[in-house]
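So the structure is just underneath, and the comments pick up after that.
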Amino acid sequence: MLEKINLEQKISQITNYWEPMIIAELNGQYVKIAKFFGEFIWHHHQFEDEMFYVLEGEFEMQFTDGSVLLRKNDMIVVPAGTEHRPVAHKPTTVLLFEPITTVKTGD
């Protein structure tokens with residue numbers, strides 16, 4: 001029997017920033033939730049796109065040629081090979097979709 005996934009319940013289980021939790025898998029993709037706060041490292045994923053959807057809070061996705069501010073209900077897809085760094089000035093909760101092969105800190 002299939003079971004539902006309650007996002008609030010899963011989010012309450014996250015204890016560390018920048019440590020995504022896998023909550024589902026579909027078509028070779030992981031669905032993850034994570035809490036962001038502070039700066040992550042600059043990195044890229046040579047072969048994988050990443051999708052970020054803001055559930056609560058806001059963060060800035062920095063690129064080598066600028067940045068995009070993402071607020072609640074905003075999303076962005078970072079294309080494969082694109083150097084990026086998420087920065088959250090306040091605690092932020094994000095839903096991510098990325099291929100199972102994606103390494104958190106890039107190649």
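Here the structure is a predicted model, which means the values were calculated and not measured. Counting begins at 1 with the first residue of the sequence.
In this structure, the side chain of Asn27 does not engage the main chain of Gln29 through any donor-acceptor pair within 3.5 Å. Within the 3.5 Å criterion, the main-chain N or O of Gln13 finds no donor-acceptor partner in the side chain of Thr15. At distances below 3.5 Å, not a single donor-acceptor pair connects side-chain atoms of Asn16 with backbone N or O atoms of Glu19.
For the atom pair CH2 (Trp42) and CZ (Arg85), the distance works out to 5.5 Å, reported to the nearest 0.5 Å. Annotation: the span from Phe59 atom CZ to Thr93 atom OG1 amounts to 11.5 Å, rounded to 0.5 Å. One finds the OG1 atom of Thr102 at 12.0 Å from the CD atom of Gln46 (value rounded to the nearest 0.5 Å). Note that NZ of Lys32 and CE of Met51 are 12.5 Å apart. Values are rounded to the nearest 0.5 Å. Taken from CG in Leu55 to CG in Leu95, the straight-line distance is 5.5 Å, to the nearest 0.5 Å. Within the model, atoms CD1 of Ile11 and CE of Met21 stand 9.5 Å from one another, a figure rounded to the nearest 0.5 Å.
Ring planes of His84 and Phe52: perpendicular class, angle over 60° (limits at 30 and 60°).
When every heavy atom of Pro20 is checked against every heavy atom of Ala34, the shortest pair comes out as CA-CB, 3.8 Å. For the pair Glu8 and Asn6, the tightest heavy-atom approach, listed with the atom from each and the gap, is N-OD1, 3.1 Å. Contact between Lys90 and Gly57 at its shortest, heavy atoms only, is CE-CA, 4.4 Å. Between Tyr30 and Glu25 the shortest heavy-atom distance is CE2-OE1, 3.8 Å. Residues Phe47 and Ala80 come closest through the heavy atom pair C-CB, 3.6 Å.
In this structure, Ile76 is not a member of the same hydrophobic cluster as Phe97, with clusters built from ILVMFWY side-chain heavy atoms closer than 4.5 Å. No single ILVMFWY cluster, assembled from side-chain heavy atoms under 4.5 Å apart, contains both Leu96 and Val77. Hydrophobic clustering, with ILVMFWY side chains joined whenever heavy atoms are under 4.5 angstrom apart, groups Ile5 together with Ile14. The hydrophobic clustering, which links ILVMFWY residues whose side-chain heavy atoms are closer than 4.5 Å, places Met75 and Val68 apart. Ile33 is not connected to Val54 by any chain of hydrophobic side-chain contacts under 4.5 Å among Ile, Leu, Val, Met, Phe, Trp and Tyr, and they are in different clusters.
For Lys72, the salt bridge (Lys or Arg N to Asp or Glu O under 4.0 Å) test picks out Glu56, with sequence neighbours left out. Partners of Phe37 by ring-ring contact (aromatic ring centres under 6.0 Å, His included), not counting sequence neighbours, listed by chain and number: Tyr17.
Using modelled atom types, one finds no donor on one side chain facing an acceptor on the other under 3.5 Å when comparing Glu83 with Thr64. In this model, a donor atom of one side chain and an acceptor atom of the other lie less than 3.5 Å apart for Tyr53 and Asn73. Using modelled atom types, one finds a donor on one side chain and an acceptor on the other under 3.5 Å when comparing Glu48 with Thr101.
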